[in-house]
Amino acid sequence: MTGNGISVTSASPVGCCVAFAHVESGVFLNKVPRCGPGRALPGRRGAAVPRPSGRMVVGANPMRVGAPGPEDPSRGRVFSGIQPTGVPHLGNYLGALESWVSLQGSYGSVLYSIVDLHAITQPQDPRQLRQNTLDMAASLLACGINPDRCVLFQQSQVSEHTELSWILGCLTSMPRLRHLPQWKMKSKQKNEGSVGLFTYPVLQAADILLYKATHVPVGEDQVQHLELAQDLARIFNNHYGELFPEPRALLSSMRKVKSLRDPTSKMSKSDPQKLATISLTDSPDDIAFKIRRAVTDFTSEVTYDPETRPGVSNLVSIHSAVSGLSVDEVVQQARGVDTGRYKQVVAEAVIQRLQPIRQEILRLRHDRAHLENILERGAQKARELASPVLKEVRQRVGFH
């Protein structure tokens, strides 16, 4: 669940987009947009395969969003989660949320969760957490998440998540969790970590398995967490009989959007440099100013070379993503344009793409009752799906 989509991508999704977006980005495990080469999930599912624009990888099998594949998507179920970090930023939108919208029409059942249980692995102000949850709901709706086409709900309102997490935790070894990248990174930053931080990958697995999800949009930094969910599905099935499908990864083909001030790092809401990140609610003037101040280099020509020219290449990637043009088309159109003028072109394209979303977020934020009603209806639908699964788990474990 985008650190920056289980894609738990902080806004980086169990993920999420569980497809989660990570705590830093706000998306649980999630990131599935459209341009650039990508890789298949390593290990069990097969070798690397090229991914054309507009395609996602399911294991080693490329699948175009909305198109039937070797396995009929209409019979699959997608789960993803995103942490309630408030309003997402441009990287969250392009890296995860845009693809979440597409997935609504590609699979028979789609669930998206605002994973507030994951959020409290870091200290939270209760009032701010409540507001951030509603702001995230408003942002998802404004981006195109449709409660009539998916189940949108608040994780903490479905208690089955935590009970299944405890049962799965009893099947998980401490050395297995100790080797997961998020624990190593976060505990090193803070010198020590909470029990919740240590075990949150198990909760991610519970988020996914509780709904018998078959596909999870994930970023590459969350692949090991999805593998834990696959392992726990196998372990439970071996102990208690076949119940859970092994969820498969939907890997993003979108390059990470980089910081405007440090193009070697990904765009992050927690970046102390306020000019580094574009929020979905930034005004047109703010967007233009941030892009104008974006770090590039001393070469005026617009080219795409992420290794030697990361700043300009980041702008090209952003321009490509918001315009729908390929990187080659963007570079071709920018021939003869210096980087100063090109920044204006990129800013105009970003503003045009984000303005309708910004306006809708601001409108929805003023209708708290509407947002709460949508989340409550979503939680009811989620409980209807989760309750019989947990009942079966309890019977097989021997609780009744």
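- For Q355, there are no side chain to side chain donor-acceptor pair (under 3.5 Å) partners, not counting sequence neighbours.
- For R383, the salt bridge (charged side-chain N to carboxylate O under 4.0 Å, His left out) partners at least two apart in sequence or on another chain are E376.
- Under a 3.5 Å cut-off, the side chain of R396 and the backbone N or O of E242 do form a donor-acceptor pair.
- Salt bridge absent: K381 and E384 never bring a charged side-chain N and a carboxylate O closer than 4.0 Å.
- Neither side chain, N146 nor Q104, offers a donor N or O lying under 3.5 Å from an acceptor on the other.
- Sorted by first then second residue, the ring pair (Phe, Tyr, Trp, His ring centres under 6.0 Å) pairs that include residues 119-175, not counting sequence neighbours, are F153-H161, F153-Y211, H161-Y211.
- With sequence neighbours excluded, the residues satisfying salt bridge (charged side-chain N to carboxylate O under 4.0 Å, His left out) with R365 are D135.
- Residues in residues 122-149 take part in no ring pair (Phe, Tyr, Trp, His ring centres under 6.0 Å) pair, two or more places apart or across chains.
- Applying the salt bridge (charged side-chain N to carboxylate O under 4.0 Å, His left out) criterion to E160, with sequence neighbours excluded, gives no partner residue.
- M267 CE to K258 NZ: the interatomic distance, rounded to the nearest 0.5 Å, is 11.0 Å.
- Considering only residues two or more places apart in sequence or on other chains, T162 meets the side chain to side chain donor-acceptor pair (under 3.5 Å) condition with none of them.
- Taking R130 as the reference, nothing meets the side chain to side chain donor-acceptor pair (under 3.5 Å) condition, with sequence neighbours excluded.
- Aromatic ring orientation, Y200 versus H225: perpendicular (interplanar angle above 60°, classes split at 30° and 60°).
- A salt bridge does not link R341 to D338: none of the charged side-chain nitrogens sits closer than 4.0 Å to a carboxylate oxygen.
- When the salt bridge (charged side-chain N to carboxylate O under 4.0 Å, His left out) test is applied to E163, the partners found at least two apart in sequence or on another chain are R394.
- Listed by chain and number, the hydrophobic cluster partners of L362 come to none, as no ILVMFWY side chain reaches under 4.5 Å of it.
- Between the CD atom of Q83 and the CG atom of L129 there is a distance of 10.0 Å, given to the nearest 0.5 Å.
- Heavy atoms only, all atoms of each residue included: P88 and M136 are closest at CG-SD, 3.7 Å.
- Taken to the nearest 0.5 Å, the CG atom of L390 stands 8.0 Å off from the OG atom of S159.
- In this structure, CG on D207 lies 5.0 Å from CZ on F79, to the nearest 0.5 angstrom.
- A donor atom on one side chain and an acceptor atom on the other are found under 3.5 Å apart for R309 and T303.
- Residue pairs meeting the ring pair (Phe, Tyr, Trp, His ring centres under 6.0 Å) criterion with at least one partner in residues 320-364, sequence neighbours excluded, are H319-Y342.
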Identify each donor-acceptor pair in which a side-chain atom of residues 284-296 lies under 3.5 Å from a protein atom, sequence neighbours left out, and give them as a table.
{"from": "D286", "atom 1": "OD2", "to": "S283", "atom 2": "OG", "distance (Å)": "3.2"}
{"from": "K290", "atom 1": "NZ", "to": "T277", "atom 2": "O", "distance (Å)": "2.7"}
{"from": "K290", "atom 1": "NZ", "to": "D282", "atom 2": "OD2", "distance (Å)": "2.7"}

